[in-house]
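Some notes on the structure that comes next.
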Amino acid sequence: MQQLNMDNAQNGVDSTLYDRFAGIIFHDLFQQVSNEQDAEDLLLEVFLAALQDKSLSSLPAGRQLTWLRRVARNKVIDRYRHIALLNLLPIEQALEMEDTALTPEQYTEQKENYERLYQSIAQLTSLQRELIRLRYRNGLRFFEIAAILEKPEGTVRQLFVRTLRRLRTIYDQLERGNSNE
């Protein structure tokens, strides 16, 4: 009888855990996989893992969510690894695939474009260069850049748009100058 009460108490904790966090975890998963069915399958795997971990129910809600998100992330990684293994091609088929390497002309043109871009960036102000670096090299979002620069997010967005316009203008001028030669 005591075991039955323990099982019922555990089921209550598990269903509360599911009720509390399933929507959040499903949303996280759905953004990382290709379709809703895959997200649902992974959600099931995450909560099956949660059922097997007896210490999870003793954690505070924030730590439970962190634990579930980590497991969900690992499940997504495992899914993509599994898919990658299934997509390996036989060597004969791989040899028949089209070569997408750049021709020497394309390589030279790409190199010239990059040089023009670097010259254009060098003509920007230090703040504009910093915006470009934070957004494209570091991959930060506008609210993160705003926090670093200690400016409102709207201001950062406007500065960024102006920076891109200025960069395009300089790049086009350099391109026209090189084509006139």
Side-chain angles (χ1 to χ4, degrees), residues 23-46 49 66 68-181:
I24 297 168
I25 300 300
F26 176 78
H27 179 67
D28 291 351
L29 291 167
F30 187 60
Q31 290 190 344
Q32 297 178 41
V33 295
S34 58
N35 61 50
E36 190 173 333
Q37 289 78 21
D38 286 345
E40 289 172 353
D41 291 347
L42 289 168
L43 182 68
L44 177 66
E45 290 179 28
V46 169
T66 302
L68 291 168
R69 281 187 162 149
R70 186 177 66 242
V71 171
R73 179 180 171 275
N74 291 337
K75 295 289 182 188
V76 169
I77 291 169
D78 290 346
R79 172 70 53 105
Y80 281 119
R81 283 182 183 152
H82 180 71
I83 290 170
L85 288 174
L86 294 177
N87 289 335
L88 293 177
L89 296 174
I91 193 152
E92 297 82 18
Q93 193 176 358
L95 291 173
E96 294 172 3
M97 292 188 69
E98 180 182 344
D99 183 15
T100 58
L102 296 175
T103 64
E105 294 84 14
Q106 291 170 327
Y107 176 77
T108 302
E109 184 178 343
Q110 184 183 50
K111 187 176 175 189
E112 289 172 358
N113 289 339
Y114 283 143
E115 287 175 8
R116 254 191 312 277
L117 179 61
Y118 295 137
Q119 290 172 357
S120 301
I121 291 172
Q123 293 183 34
L124 297 173
T125 67
S126 61
L127 175 61
Q128 291 172 328
R129 285 192 305 269
E130 182 73 2
L131 277 170
I132 297 284
R133 183 183 65 79
L134 291 171
R135 180 72 175 155
Y136 291 117
R137 194 149 134 226
N138 295 5
L140 298 180
R141 295 182 171 164
F142 288 113
F143 74 91
E144 295 168 317
I145 296 170
I148 290 171
L149 298 178
E150 298 177 344
K151 296 185 182 290
E153 184 178 344
T155 303
V156 170
R157 286 179 184 275
Q158 286 178 340
L159 286 170
F160 189 74
V161 168
R162 290 179 190 143
T163 298
L164 290 181
R165 282 190 197 135
R166 176 79 177 124
L167 184 61
R168 170 53 72 187
T169 301
I170 295 169
Y171 183 89
D172 289 343
Q173 288 172 350
L174 287 173
E175 190 173 39
R176 281 191 303 273
N178 288 344
S179 64
N180 290 340
E181 293 175 0

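Because the structure is a prediction, the values reported are computed rather than measured.
- The closest side-chain heavy-atom distance from D172 to R176 is below 4.5 Å.
- At a threshold of 4.5 Å between non-hydrogen side-chain atoms, the residues T163 and T125 do not count as touching.
- Atom-to-atom distance recorded for Q123:CD and Q173:CD is 8.0 Å, nearest 0.5 angstrom.
- Interatomic distance, K151 NZ to L127 CG, rounded to the nearest 0.5 Å: 6.0 Å.
- Looking only at distances, a side-chain donor or acceptor of R135 sits under 3.5 Å from a matching main-chain atom of L140.
- Note that CZ of R133 and CD of E130 are 4.0 Å apart. Values are rounded to the nearest 0.5 Å.
- Looking at heavy atoms from C-beta onward, I170 lies in side-chain contact with L124 at the 4.5 angstrom threshold.
- Closest heavy-atom contact between Y80 and V33: OH-CA, 3.5 Å.
- R129 and A122 make their closest contact through NH1-O, 3.5 Å (heavy atoms, listed as atom of the first residue, atom of the second, distance).
- Rounded to the nearest 0.5 angstrom, D38 CG and E40 CD are separated by 9.5 Å.
- Expressed to the nearest 0.5 Å, how far CD of E175 lies from CZ of R168 amounts to 7.5 Å.
- Residues N113 and Y171 have side chains in contact (heavy-atom distance under 4.5 Å, counting atoms from C-beta outward).
- A 4.5 Å side-chain heavy-atom check between I24 and R69 finds at least one atom pair inside the cut-off.
- Between E105 and E109 there is no side-chain heavy-atom pair separated by less than 4.5 Å.
- Minimum interatomic distance between V71 and A49 (heavy atoms only, all atoms of both residues): CG1-CB, 4.1 Å.
- Separation of atoms CD1 (I148) and CG (N138) is listed at 7.5 Å; rounding is to 0.5 Å.
- In this structure, D78 and E45 have side chains that are not in contact, with every pair of non-hydrogen atoms separated by 4.5 Å or more.
- Aromatic ring pairs are classed by plane angle as parallel below 30°, tilted from 30° to 60° and perpendicular above 60°; the pair F142 and F160 is perpendicular.
- Residues P152 and A146 share a closest heavy-atom pair of C-CB, 4.1 Å.
- Of all heavy-atom pairs spanning S120 and L167, the tightest one is CB-CD1, 3.5 Å.
- Listed here is the closest heavy atom pair of A39 and L29: O-CD1, 3.7 Å.
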